[in-house]
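First the proteins, then the strands, lettered A, B, ... as listed; each starts at 1.
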There are 4 protein chains.
Amino acid sequence: MADGTRRPGRPRSEAARQAILKATHDELLERGYGELTMEGIAARAGVGKQTIYRWWRSKAEVALDALLAVAAEGIPIPDEGGLEADLTAFLRRTYGMQESEGPILKGLLAQSLLDPGFAETFRDHFLAGRRAALGTILNQAVARGEIPAGTDLGLLHDVVYGVLWYRLLFRSAPLDDDAARDVASLIARSVRIGE
Amino acid sequence: MADGTRRPGRPRSEAARQAILKATHDELLERGYGELTMEGIAARAGVGKQTIYRWWRSKAEVALDALLAVAAEGIPIPDEGGLEADLTAFLRRTYGMQESEGPILKGLLAQSLLDPGFAETFRDHFLAGRRAALGTILNQAVARGEIPAGTDLGLLHDVVYGVLWYRLLFRSAPLDDDAARDVASLIARSVRIGE
Amino acid sequence: MADGTRRPGRPRSEAARQAILKATHDELLERGYGELTMEGIAARAGVGKQTIYRWWRSKAEVALDALLAVAAEGIPIPDEGGLEADLTAFLRRTYGMQESEGPILKGLLAQSLLDPGFAETFRDHFLAGRRAALGTILNQAVARGEIPAGTDLGLLHDVVYGVLWYRLLFRSAPLDDDAARDVASLIARSVRIGE
Amino acid sequence: MADGTRRPGRPRSEAARQAILKATHDELLERGYGELTMEGIAARAGVGKQTIYRWWRSKAEVALDALLAVAAEGIPIPDEGGLEADLTAFLRRTYGMQESEGPILKGLLAQSLLDPGFAETFRDHFLAGRRAALGTILNQAVARGEIPAGTDLGLLHDVVYGVLWYRLLFRSAPLDDDAARDVASLIARSVRIGE
DNA sequence: TCCTAAACGAGACGGTACGTCCTGTCTTTGT
DNA sequence: ACAAAGACAGGACGTACCGTCTCGTTTAGGA
């Protein structure tokens, strides 16, 4: 119900949309975000440039959609019964995706640093989802009493994702299973004081 | 002085160098890294484009030099006698500089994400100095026995700078004195376990 | 009514046709042929582009129809009893229409220069009618013996319309009553030799 | 001497200018004015589009220059001793050039009909030269007493060039040697009255 | 004091991508 | 079947910068 009011005119072509996202993703993998151009996407997708501009405001938004289309499944929230175990499982999955997603993510971050308008979109459509997933895990731990009531959960978020991004950006250390365990352990220890 | 090997021909103009760095810094403050162009710098500095290309390889390197020329002093290493106090003092100073440096830093990061060649330069000329400063503080704490011998200092680095960068990039929380205290406290707690 | 062979489906909308011709004419007057676009006509007429393409092959043909719809009456053939008087009267009327028709005519000519296909249409639907009118006048003069039998009437046509178009195109001189008189006089003199 | 003040900076490339005019002329001959595009010229000349826009305001002005570069020699003024002979000789040469120049001329005319700004340029840089040549011939005839003192020379200009353009535009009759003779004869007759 | 040579400002160069406009075709729903 | 609406592929537009080049001019040291 909701709507039913079909706008008049030819409807948006789903085929074109798919072709654009596919072409964008392929270009990103092959040549990187820095080499991504609207003309390149249009040519590869067999589409007019106007068709891209009609539905996206910039190549960054196309790239974001191309990423989301692939990473749409999302990360399942683990429930292993304890904060450290939950966190370890969650981080392993998250880190595991960086192998393929990483370069695209770096490009999108670069764009959002250069273009404040896109920064908002990026935060709302991508980061928010990731933070929500971690939020669920932390709230479970609060409910179990593993995290003291007054703890600043925002800081914990920033630590977890700060380490992820820092290592992604500067390659100071690998994002592997050990890294997941270590970060989970650090977080767990930092909230256990005073027990 | 020592050398004497003076190349023939007109020597490099120090005035031009200063004008270029000044113009670059002004453009960065007024319009941001995303709007920075070689032509804009040249025009503003009253300089030919070739003069810029003669001495720098890209606008990113000019911007980096323009930043370093201003932020040359560096951050003094505190020694308050304890890890948490040292860390708090250090982070307060570091965070305090982000007000002005932040936007430029973001631009340089963006560039280093898009251009792997510049990423190296950025890491070597900028990040390395920051990590060394923190390293001194952590080593002091290890020497005092505040940090257990086997602790992964790299992870602590990544946590401290990860939170800094994450908040700088995504504005998830302010970088103020409270933040400095909270991060220092979290680090201190995370290493105190087992005492 | 006579026919009865009514094709199935919705009949052609006379309202749409009128709206298109009206919109075209208005656009021509307001912005000139050079600025005329199919999209502009469609938007102004409140009509789909397809509806225009269904009935006309190009914007030039629409413009031609828009002109003909207005200038349909045609020019009456004078019969004042003598070549020079007939010609003067005819040219006065013809020149008088250029004030309003001129700009549109220039646009159509431009189109026919760029598009050989339209050139034919333009000649057949517009120029032929004009030449026929002049032909009647000259034939009257031949019948009266004012023009010698062997005279090249085609050249006279070309002189009369050549001057008209040349002045219309290049504004080398006004197209007023004096001009009509002078051209008529020149023609009359040029054929009177040998009397 | 006149100047001597060389503007600073790299001077305009004569090679580029020649390449552009050559490419334009070739495109005009091969594909016609209607198909002429800035991109086509630039590609064919091996030149950046900006280089064209730096020196010409539109493709019409490039085409005009390309035409003038070829037809630079101009038409020599005959002096056969009599108006009709002079005119015949002049028109034969003029008509003779239409074989190759004609299509380009038609394109330029089309453009000047669509773009009033270019119309001026066209008149000043092309038509004016042609009218001046005819003016010399007519003035010779006036000096010789072949044309009565009070005659409207402007009208004679318009007749001569009106017929030329009319036949060029509408192909109502060929522009051959006979045509030259007939027009010369008509003009001569039209001014001989009253002798 | 001149000579050599590099750096300087200026700005034109070939080139790439931009974002917009319009073309002529198509695919919907509504009449 | 025709109409309004509007999305589609395509192509040219004119602009902005890129990094390179070619001028005449300036500024030093060495001859």
Side-chain angles (χ1 to χ4, degrees), chain A residues 5-17 19 35-43 45-55 57-59, chain B residues 6-13 15-17 19 35-40 42-43 45-55 57-59, chain C residues 6-13 15-16 19 35-40 42-43 45-55 57-59, chain D residues 5-17 19 35-40 42-43 45-55 57-59:
Chain A
T5 49
R6 265 306 235 103
R7 297 224 315 301
R10 180 175 177 173
R12 176 173 186 181
S13 159
E14 181 59 21
R17 188 179 156 272
E35 309 298 314
L36 190 67
T37 68
M38 286 299 218
E39 304 217 320
I41 297 170
V47 139
K49 279 197 288 178
Q50 189 74 201
T51 299
I52 307 181
Y53 284 107
R54 219 187 319 264
W55 303 111
R57 274 177 305 190
S58 65
K59 67 176 183 176
Chain B
R6 199 64 160 65
R7 297 217 314 298
R10 180 174 177 176
R12 175 174 185 181
S13 159
R17 188 179 156 272
E35 309 297 314
L36 190 67
T37 68
M38 285 299 216
E39 304 218 320
V47 138
K49 278 197 290 178
Q50 190 66 246
T51 300
I52 307 181
Y53 284 107
R54 222 188 315 266
W55 305 110
R57 274 180 304 186
S58 66
K59 68 174 182 177
Chain C
R6 197 65 159 62
R7 301 217 309 297
R10 181 171 176 176
R12 174 172 183 183
S13 159
E35 309 297 313
L36 190 68
T37 67
M38 286 300 217
E39 303 217 320
V47 137
K49 278 198 290 176
Q50 191 65 246
T51 301
I52 307 181
Y53 283 107
R54 220 187 315 266
W55 304 110
R57 272 178 304 185
S58 66
K59 67 176 184 177
Chain D
T5 48
R6 270 297 242 101
R7 298 224 316 298
R10 180 176 178 174
R12 177 174 182 181
S13 160
E14 180 59 21
R17 189 180 154 271
E35 308 300 313
L36 189 67
T37 68
M38 285 300 217
E39 304 217 319
V47 139
K49 278 197 288 179
Q50 189 71 212
T51 299
I52 307 181
Y53 284 107
R54 217 184 323 261
W55 304 110
R57 274 178 302 190
S58 66
K59 67 176 183 175

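- Side-chain proximity of C:Tyr53 to the nucleotides E:dG24, F:dG19, F:dA28 is greatest for E:dG24.
- Nearest-nucleotide positions on DNA chain F place C:Val47 closer to the 5' end than the other of B:Arg57 and C:Val47.
- Nearest heavy atom pair, residue C:Ala45 against residue C:Ala19, reads CB-O, 3.6 Å.
- Listed nucleotides F:dG19, E:dA6, F:dA5 differ in distance to B:Arg10; the shortest reach to its side chain belongs to E:dA6.
- In this structure, C:Gly48 and C:Ala42 approach most closely via the heavy-atom pair C-CB, 4.3 Å.
- The residue C:Gly46 sits close only to the backbone: its heavy atoms come under 4.0 Å of sugar-phosphate atoms, none of a base.
- OP1 or OP2 of F:dA4 lies within a sub-4.0 Å distance of a side-chain N or O belonging to C:Thr51.
- When each of B:Ser13 and D:Arg17 is assigned the nucleotide of DNA chain E bearing its nearest heavy atom, the one mapping closer to the 5' terminus is B:Ser13.
- Atom pair A:Glu35:CD and F:dC18:C1' shows a separation of 13 Å (rounding to whole Å applied).
- Atom pair D:Glu14:CD and E:dC13:P shows a separation of 11 Å (rounding to whole Å applied).
- In terms of position along DNA chain E, the nucleotide closest to B:Arg12 lies nearer the 5' end than the nucleotide closest to the other residue of the pair A:Thr37 and B:Arg12.
- Distance, C:Ile52 CD1 to F:dC2 C1': 15 Å, rounded to whole Å.
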For C:Lys49 and C:Ile52: C-alpha separation, side-chain torsions, deciding distance, then whether side-chain contact (heavy atoms from CB on, under 4.5 Å) applies. CA-CA 5 Å; C:Lys49 278 198 290 176; C:Ile52 307 181; 5.5 Å; no
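- Regarding contacts with the backbone of E:dA6, every side-chain N or O of B:Trp55 stays at 4.0 angstrom or more from both OP1 and OP2.
- Take the nearest nucleotide of DNA chain F for D:Glu39 and for B:Lys59: the residue whose nucleotide is more 5' is D:Glu39.
- Remark: C:Arg57 CZ is loosely packed, at most 12 non-hydrogen atoms of other residues, nucleotides or ligands lying under 6.0 Å away.
- One can place CG of D:Leu36 at 13 Å from C1' of F:dC13, the figure rounded to the nearest angstrom.
- The base of E:dG11 is not paired with the side chain of B:Lys49 by any donor and acceptor separated by under 3.5 Å.
- Residue C:Arg54 places at least one side-chain N or O closer than 4.0 Å to OP1 or OP2 of F:dA3.
- Cation-pi check for A:Arg17 over A:Trp55 is not met; the charged atom does not lie both under 6.0 angstrom from the ring centroid and within 45 degrees of its normal.
- Note: CD1 (A:Ile41) to P (E:dA17) measures 12 Å, nearest angstrom.
- In the set F:dA5, F:dC18, F:dC21, F:dA5 carries the atom at the smallest distance from any side-chain atom of C:Gln50.
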